[in-house]
**Student:** 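Starting off with a structure, shown below.
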Amino acid sequence: MKMLLFVVWALLALILCPVHISGVAEESFEVSVWPNQALVEFGQSLVVNCSTTCPDPGPSGIETFLKKTQVGKGPQWKEFLLEDVTENSILQCFFSCSGIQKDTSLGITVYQPPEQVILELQPAWVAVDEAFTVKCHVPSVAPLESLTLALLQGNQELHRKNFMSLAVASQRAEVIISVRAQRENDRCNFSCRAELDLSLQGGSLFQGSSPIKILRIFEFSQTPHIWVSSLLEVGMAETVSCEVARVFPAKEVIFHMFLEDQELSSFLSWEGDTAWANATFRAMEAGDQELSCLASLGPMEQKTRKLVHSYSFPPPILELKESYPLAGTDINVTCSGHVLTSPSPTLRLQGAPDLPAPGESAWLLLTAREEDDGRNFSCEASLEVQGQWLMKTTVIQLHVLYKPRLEESSCPGKQTWLEGMEHTLACVPKGNPAPALVCTWNGVVFDLEVPQNATQNHTGTYCCTATNQLGSVSKDIAVIVQGLDEGISSALFVVITVALGVGVITIALYLSYRPCKVDGRKLLSRQKEEDKEEKSQFTVEEEKSTTHIIDSYLME
């Protein structure tokens with residue numbers, strides 16, 4: 001366009017002033033530079049072309065503090081290479097024509113894309129209702145007035161800042177906001193987006209984003225609490241629990257529990273806003289010991305301690321001078337405290353007449369009887385520890401050895417069998433050790449385990465002998481087999497007796513629970529008639545029931 005205007009102006013000048021063409025042409029020459037806008041990335045090179053309309057130009061060139069190299073020239077132009085452009089500058093391009101010098105300027109703008117965008121969360125873990133800072137800055141970016149920074153929470157834009165004003169442009173390329181933490185912010189993604197818009201300078205739009213940062217929110221205001229028995233028995237498995245309430249997020253709490261300097265293996269559990277850890281341990285020595293629990297969540301940790309007392313209290317020792325004495329033997333039962341128990345416990349021996357003094361044993365002297373076989377003796381020890389009374393008991397069983405016995409109660413001398421029914425010979429011997437029983441019938445060993453279908457041939461005397469290591473005893477058992485008629489008569493008598501008894505009881509209960517009398521003669525008369533009918537009906541039913549029982553028995 002400038003060249004066109006220049007040509008038009010020159011033609012007008014020739015028409016209007018033909019005499020002075022040469023001088024006017026020299027005075028009206030133009031100087032131009034290409035490009036007319038220079039946008040250079042930091043550290044890169046730029047080619048600049050200076051030209052003139054002067055037909056025969058004189059001295060010419062460019063003036064700049066940048067490193068320059070002439071790379072080409074012509075009658076009316078020169079081209080230069082500017083290297084390592086690192087800052088904004090103004091370049092002057094000049095030409096002289098007939099002793100007259102003219103120049104033009106070129107503004108060079110250096111830009112740096114936002115290649116590195118840094119986001120900082122301060123702190124990374126934030127307590128609920130506390131403020132945290134989101135900061136974004138770009139270390140190297142230019143021009144600053146073309147930059148815009150946007151802070152994002154997820155896909156939502158929290159804040160946007162540009163640097164168009166001169167006052168802001170002189171500052172650093174950063175943006176800072178403060179936010180109050182809430183539980184719903186936990187694990188939120190934060191990022192920063194930088195935009196460098198060079199469209200007004202003839203350039204493009206450059207963008208850069210920071211890596212995503214995750215914010216952690218926590219609540220941890222209460223100290224842990226240790227749940228454990230204040231008294232621990234040496235060598236016994238105990239459970240300790242460390243609990244933290246009102247903590248968020250509860251499932252991320254880390255517990256470390258110690259008994260003195262020994263760390264315990266724990267298992268974490270949580271529900272709602274409460275977290276706890278359980279551990280099982282054994283105290284190996286008596287005395288006061290310290291249990292401690294360290295709970296941590298993010299940057300926070302809290303420790304609590306509890307003093308426990310360990311004691312040694314094994315069960316008391318209960319001894320029998322003879323574990324398997326013979327009946328009639330004198331035996332001594334001794335109850336004493338364990339040597340590891342401290343202080344000495346109080347002892348009580350079941351059956352002993354007196355309580356021993358503290359530190360002394362309890363004892364009992366008795367003569368073993370057959371009735372004592374299987375008798376239990378108990379030794380009870382009591383110990384006061386830290387104001388609490390503890391108790392341990394040891395039980396031992398006495399086994400009295402005695403010869404076999406065939407008592408009438410367990411081995412009747414007379415036994416009645418019913419012909420046609422299955423029976424076994426009833427005989428259970430007593431003795432310790434348990435005796436073996438052998439019964440014979442007519443000189444033949446009789447199998448006591450197999451039921452016998454009773455016949456008249458089974459009538460007779462059976463000889464049973466019980467034997468153990470201490471001796472043997474024999475007894476004759478008379479077995480009588482009753483005939484079928486005798487059995488039926490006896491059974492019928494029993495059935496009739498039972499039936500009559502049931503009838504009498506039923507009538508008595510009925511009469512006892514009759515409805516209350518109703519006023520009026522008609523009602524009383526009607527009631528009596530109903531009673532008579534019920535009695536007659538009951539008598540008929542009773543006779544039917546008795547007849548049915550007898551018939552059933554005869555059929556069997």
Side-chain angles (χ1 to χ4, degrees), residues 121-132 153-154 179-190 212-315 383-392:
L121 289 177
Q122 300 175 352
W125 284 77
V126 188
V128 174
D129 291 332
E130 295 294 328
F132 64 96
Q153 178 178 336
V179 183
R180 190 165 296 278
Q182 302 299 327
R183 285 194 176 190
E184 52 268 23
N185 297 134
D186 186 42
R187 295 187 178 276
C188 282
N189 297 334
F190 287 85
I212 292 176
K213 290 289 184 72
I214 299 177
L215 179 69
R216 297 308 314 273
I217 307 297
F218 73 95
E219 184 173 1
F220 192 10
S221 58
Q222 296 191 1
T223 57
H225 187 83
I226 296 177
W227 301 95
V228 68
S229 174
S230 58
L231 292 179
L232 309 176
E233 186 173 358
V234 172
M236 299 298 292
E238 296 284 349
T239 299
V240 57
S241 178
C242 182
E243 180 182 289
V244 180
R246 293 182 58 187
V247 61
F248 174 84
K251 62 181 179 181
E252 296 187 32
V253 178
I254 299 174
F255 290 92
H256 294 282
M257 289 190 284
F258 300 86
L259 177 63
E260 295 295 337
D261 297 329
Q262 175 190 359
E263 184 169 5
L264 307 179
S265 178
S266 59
F267 300 93
L268 173 67
S269 302
W270 62 276
E271 182 177 356
D273 288 348
T274 302
W276 64 92
N278 294 329
T280 302
F281 69 99
R282 299 174 188 269
M284 302 312 296
E285 58 183 24
D288 292 334
Q289 299 183 73
E290 183 184 83
L291 271 171
S292 60
C293 175
L294 177 66
S296 60
L297 176 62
M300 289 287 295
E301 63 179 29
Q302 297 197 44
K303 189 173 186 179
T304 187
R305 298 175 175 84
K306 186 171 184 178
L307 198 64
V308 295
H309 182 79
S310 300
Y311 65 92
S312 179
F313 185 22
L383 181 69
E384 184 180 11
V385 180
Q386 300 286 306
Q388 297 186 33
W389 281 97
L390 309 176
M391 185 178 297
K392 290 289 183 72

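Scope of the values below: all heavy atoms of this structure, side chains included, with no hydrogens, waters or symmetry mates. Along the sequence shown, residues are numbered consecutively beginning with 1.
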**Student:** Would the distance check show the side chain of E260 and the main-chain N or O of E290 forming a donor-acceptor pair, the cut-off being under 3.5 Å?
**Tutor:** yes

**Student:** For D288, enumerate each residue passing the side chain to side chain contact (heavy atoms under 4.5 Å, CB included) test, keeping only those at least two apart in sequence or located in another chain.
**Tutor:** L307, H309

**Student:** How many angstroms lie between atom CD1 of I226 and atom CZ of R305, to the nearest 0.5 angstrom?
**Tutor:** 9.5 Å

**Student:** Please examine the side chains of E285 and S310, heavy atoms only from C-beta on, and report whether any two atoms are closer than 4.5 Å.
**Tutor:** no

**Student:** Report yes if the side chains of P249 and R216 come closer than 4.5 Å at any heavy-atom pair, otherwise no.
**Tutor:** yes

**Student:** Near E271 CD, under 6.0 Å, is it more than 12 heavy atoms from other residues, nucleotides or ligands?
**Tutor:**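 At most 12 heavy atoms, drawn from other residues, nucleotides or ligands, come within 6.0 Å of this atom.
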
**Student:** Contact between K392 and E233 at the side-chain level, heavy atoms closer than 4.5 Å - yes or no?
**Tutor:** yes

**Student:** Testing the basics here: between A277 and S266, what is the closest heavy-atom pair and its distance to 0.1 Å?
**Tutor:** CB-CB, 4.1 Å

**Student:** Please find the pair of heavy atoms, one from Q153 and one from C188, that lie closest to each other, and give the distance.
**Tutor:**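 Closest heavy-atom pair between Q153 and C188: NE2-SG, 3.5 Å.
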
**Student:** Using the side chain to side chain contact (heavy atoms under 4.5 Å, CB included) criterion, which residues pair with N189? Sequence neighbours excluded.
**Tutor:** I212, I214

**Student:** Is the side chain of R180 donor-acceptor paired with the backbone N or O of D129 at a distance under 3.5 Å, no angle test?
**Tutor:**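 Present.
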
**Student:** Start with the C-alpha gap between M257 and L291, add the side-chain angles, then the distance that decides, and say whether side chain to side chain contact (heavy atoms under 4.5 Å, CB included) holds.
**Tutor:** CA-CA 7 Å; M257 289 190 284; L291 271 171; over 6 Å; no

**Student:** Minimum heavy-atom separation for S221 and Q302, please, with both atom names.
**Tutor:** C-NE2, 4.1 Å

**Student:** Write down the atom of A181, the atom of I217, and the distance for their closest heavy-atom approach.
**Tutor:**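 Reported closest heavy-atom pair: CB-CD1, 3.5 Å.
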
**Student:** Going by heavy atoms in the side chains, are F190 and L121 under 4.5 Å from each other?
**Tutor:**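 Touching, per the 4.5 Å side-chain cut-off.
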
**Student:** Evaluate the side chain to side chain contact (heavy atoms under 4.5 Å, CB included) criterion for residues F132 and L215: first the C-alpha distance (whole Å), next the side-chain angles of each, then the deciding distance (0.1 Å), finally the verdict.
**Tutor:** CA-CA 10 Å; F132 64 96; L215 179 69; 3.4 Å; yes

**Student:** If you define the side chain from C-beta out and look only at heavy atoms, does anything of P123 sit under 4.5 Å from E130?
**Tutor:** no

**Student:** Just jot down the side chain to side chain contact (heavy atoms under 4.5 Å, CB included) partners of K251, sequence neighbours excluded, or say none.
**Tutor:**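 Scan of K251 (side chain to side chain contact (heavy atoms under 4.5 Å, CB included), adjacent residues dropped) gives W270.
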
**Student:** Working to the nearest 0.5 Å, report the span between CE of M236 and OG of S312.
**Tutor:**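 One finds 11.5 Å between CE of M236 and OG of S312.
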
**Student:** Which pairs with one or both residues in residues 226-267 pass ring-ring contact (aromatic ring centres under 6.0 Å, His included), sequence neighbours excluded?
**Tutor:** H225-W227

**Student:** Rounded to the nearest 0.5 Å, what separation is found between the CG atom of L383 and the CH2 atom of W389?
**Tutor:**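 Going from the CG atom of L383 to the CH2 atom of W389 covers 7.5 Å.
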
**Student:** Can you see which heavy atom on P224 is nearest to which on A295, and at what distance?
**Tutor:**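 Heavy atoms of P224 and A295 come nearest at CG-CB, 3.7 Å.
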
**Student:** Tell me every residue that passes side chain to side chain contact (heavy atoms under 4.5 Å, CB included) with A124, counting only those two or more places apart in sequence or in another chain.
**Tutor:**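 Residues passing side chain to side chain contact (heavy atoms under 4.5 Å, CB included) with A124: none at all.
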
**Student:** Hey, does the side chain of N185 reach the backbone of Q182 with a donor-acceptor pair shorter than 3.5 angstrom?
**Tutor:** yes

**Student:** If you take all heavy atoms of M300 and F220, which pair is closest and at what distance?
**Tutor:**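 Distance-wise, the nearest heavy atoms are CB-CD2, 3.7 Å.
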
**Student:** For Q122, enumerate each residue passing the side-chain hydrogen bond (donor to acceptor under 3.5 Å, both in side chains) test, keeping only those at least two apart in sequence or located in another chain.
**Tutor:**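 Q122: side-chain hydrogen bond (donor to acceptor under 3.5 Å, both in side chains) contacts with E120.
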
**Student:** Hey, what do you get for NZ (K306) to SG (C293), rounding to the nearest 0.5 Å?
**Tutor:**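 One finds 12.0 Å between NZ of K306 and SG of C293.
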
**Student:** Per the side-chain contact (heavy atoms from CB on, under 4.5 Å) rule, which among V253, V247, L297, V126 passes with F218?
**Tutor:** L297

**Student:** Flag yes if more than 12 heavy atoms outside R246 fall under 6.0 Å of its CZ atom; otherwise flag no.
**Tutor:** no

**Student:** Say you draw a straight line from CG of L231 to CD of Q386; how long is it, rounded to the nearest 0.5 Å?
**Tutor:** 6.0 Å

**Student:** Just wondering, do E238 and T280 contact through their side chains at under 4.5 Å, heavy atoms?
**Tutor:** no

